[in-house]
There are 2 protein chains.
Amino acid sequence: MSTAAETTLSIGQVSALTGLTTHTLRFYEQEGLFVAPVRRNAAGRRVFTTEEVEWLKVCTKLRSSGMPLPEIRRYAGLVLAGPGNEVERFDILRRHEANVQQQVDDLQEALTVIHRKVELYARRLDEGTADQLWTNGPECDPLPDAAE
Amino acid sequence: MSTAAETTLSIGQVSALTGLTTHTLRFYEQEGLFVAPVRRNAAGRRVFTTEEVEWLKVCTKLRSSGMPLPEIRRYAGLVLAGPGNEVERFDILRRHEANVQQQVDDLQEALTVIHRKVELYARRLDEGTADQLWTNGPECDPLPDAAE
DNA sequence: GCTTGACTTCGAGTCGACTCGAACTCATAG
DNA sequence: CTATGAGTTCGAGTCGACTCGAAGTCAAGC
């Protein structure tokens, strides 16, 4: 049922749409990252749908935010298993959300340190006193004991 | 001559202070990440100062924010070479700052996608309609064509 | 009929940043 | 005087996520 106009896509087209190489797409299939078995045509070639492309876009976000392949596999496996395990899926997502938030916080902290040094250099270069940097310690710019 | 009370630290103490293993500290020396040659005592053992510990703390921030070792080596080399190259150092820092900001932005975007899914699951689980998720597409929660 | 190019499978190689283990030396405490 | 434990050097191994290459298949265009 549903719309009969199910556009089918070759691996090359999916590659173009997602930015993942064909090598990577095959690798992902092999790693069990798809939420449904990848179909083949008469000639044994992979046939994808736009839904699979959407899922791959989500995957890409999960990956780029540091979710390991085994965890994505687990999530995909739950979806594949069908309704009834939504709480588990929810849990994976919430955990990952917290994880990403932590990453952002850590990066922000590093950014603060880096930004302070950038500012210091900018000021000293402007004043013409930059050559006095690092005369005694890390660029004369001790970390104010960041709360860690 | 500065303060004569220059505390000297063993590699084990530095490890405890920085959280880097002794293996890693030796590795870092070998990779040329120090801003001054690491000194040795009569017995040939490494002797560190608190300044080196401060630098290592900066290093740790650079690393955790994704600066590759070769780039840190380059920066350390400039400091080691002494005054006169502050503009180059400044450049490295500014570039890295921009890079980290980009990472934060990318993570925030992924976070948005993930958060939307978390919210969706929370709502559906609450409503008791979670079993209708993923009936047609990636969890019935199409990405609203995020500006990429 | 032949070439082209996208596809197939498989296994091996790469990369960065550690991480580990083995075999050794050395200074101090009991 | 020996045992302990921290240090030394060196080279090899690990890990995750690709990435690549080889050898072969297949459908369409000339």
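Protein chains get the first letters and strands the later ones, always in sequence-line order, with residue 1 at the start of each. What you see below is based on every heavy atom in this structure, not just the backbone, and it leaves out hydrogens, waters and symmetry mates.
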(request) Round to the nearest Å and state the distance from A/Met67 atom CE to D/dG16 atom P. (result) 16 Å
(message) Under 4.0 Å, heavy atoms only, any strand: does A/Arg63 hit a base, just the sugar-phosphate, or nothing?
(response) sugar-phosphate
(message) Taking the minimum atom-to-atom distance to the side chain of B/Ala43, which one of C/dA27, D/dA17, C/dT8 wins?
(response) C/dA27
(request) Indicate the ring-plane relationship of A/Tyr75 and A/Trp55, choosing parallel, tilted or perpendicular according to the 30° and 60° boundaries. (result) parallel
(request) Check whether any side-chain nitrogen or oxygen of A/Tyr28 sits under 4.0 Å from OP1 or OP2 of D/dA17, and answer yes or no. (result) no
(message) Does the structure place the NZ or CZ of A/Arg94 under 6.0 Å from the centre of the six-membered ring of A/Phe90, at an angle of no more than 45° from the ring's axis?
(response) yes
(message) In this structure, how many angstroms lie between the P atom of C/dC18 and the CD atom of B/Glu29, rounded?
(response) 16 Å
(request) Would you mind reporting whether A/Ser15 and A/Leu20 have side-chain heavy atoms less than 4.5 Å apart? (result) no
(message) Can you identify which nucleotide, out of C/dC7, D/dT19, C/dC26, has its nearest atom closest to the A/His23 side chain?
(response) D/dT19
(request) Look at the side-chain N and O atoms of A/Arg45 and state whether any lies under 4.0 Å from the OP1 or OP2 oxygen of D/dC26. (result) no
(message) Under the criterion salt bridge (charged side-chain N to carboxylate O under 4.0 Å, His left out), I'd like the reasoning laid out for B/Lys61 against A/Glu109: C-alpha separation, chi angles, the key distance, then a yes or no.
(response) CA-CA 8 Å; B/Lys61 288 289 177 220; A/Glu109 200 182 309; 3.1 Å; yes
(request) Could you check how far CD of A/Glu31 sits from C1' of D/dC15, rounded to whole Å? (result) 13 Å
(request) Starting at atom CZ of A/Arg26, determine the distance to atom C1' of D/dA17, rounded to an integer number of angstrom. (result) 17 Å
(request) Take atom CD of A/Gln13 and atom P of C/dC7, then tell me their distance rounded to the nearest Å. (result) 8 Å
(request) Determine whether A/Arg26 and A/Thr22 make a side-chain contact, defined as any pair of heavy atoms from C-beta on separated by less than 4.5 Å. (result) yes
(request) Check the distance between D/dG7's C1' and B/Leu25's CG and give it to me in whole angstrom. (result) 13 Å
(request) Round to the nearest Å and state the distance from A/Leu69 atom CG to D/dT19 atom C1'. (result) 14 Å
(message) Can you tell me if A/Arg46 touches the phosphate of C/dC7, counting only side-chain N or O atoms and a distance under 4.0 Å to OP1 or OP2?
(response) no
(request) Quickly work out the B/Arg40 CZ to D/dT9 C1' distance and round it to whole Å. (result) 10 Å
(message) Is there a side-chain contact between A/Thr22 and the phosphate of C/dC7, meaning an N or O under 4.0 Å from OP1 or OP2?
(response) no
(request) Report which part of the nucleic acid B/Thr21 touches: base, sugar-phosphate, or nothing (heavy-atom distance under 4.0 Å, all strands). (result) nothing
(message) For B/Pro68 and B/Ala42, find the nucleotide of DNA chain C closest to each by heavy atoms; which residue's nucleotide sits nearer the 5' end?
(response) B/Pro68
(message) Can you identify which nucleotide, out of C/dC18, C/dT8, D/dT19, has its nearest atom closest to the A/Thr24 side chain?
(response) D/dT19
(request) Identify, between B/Ile11 and B/Gln30, the residue whose nearest nucleotide on DNA chain D lies closer to the 5' end. (result) B/Ile11
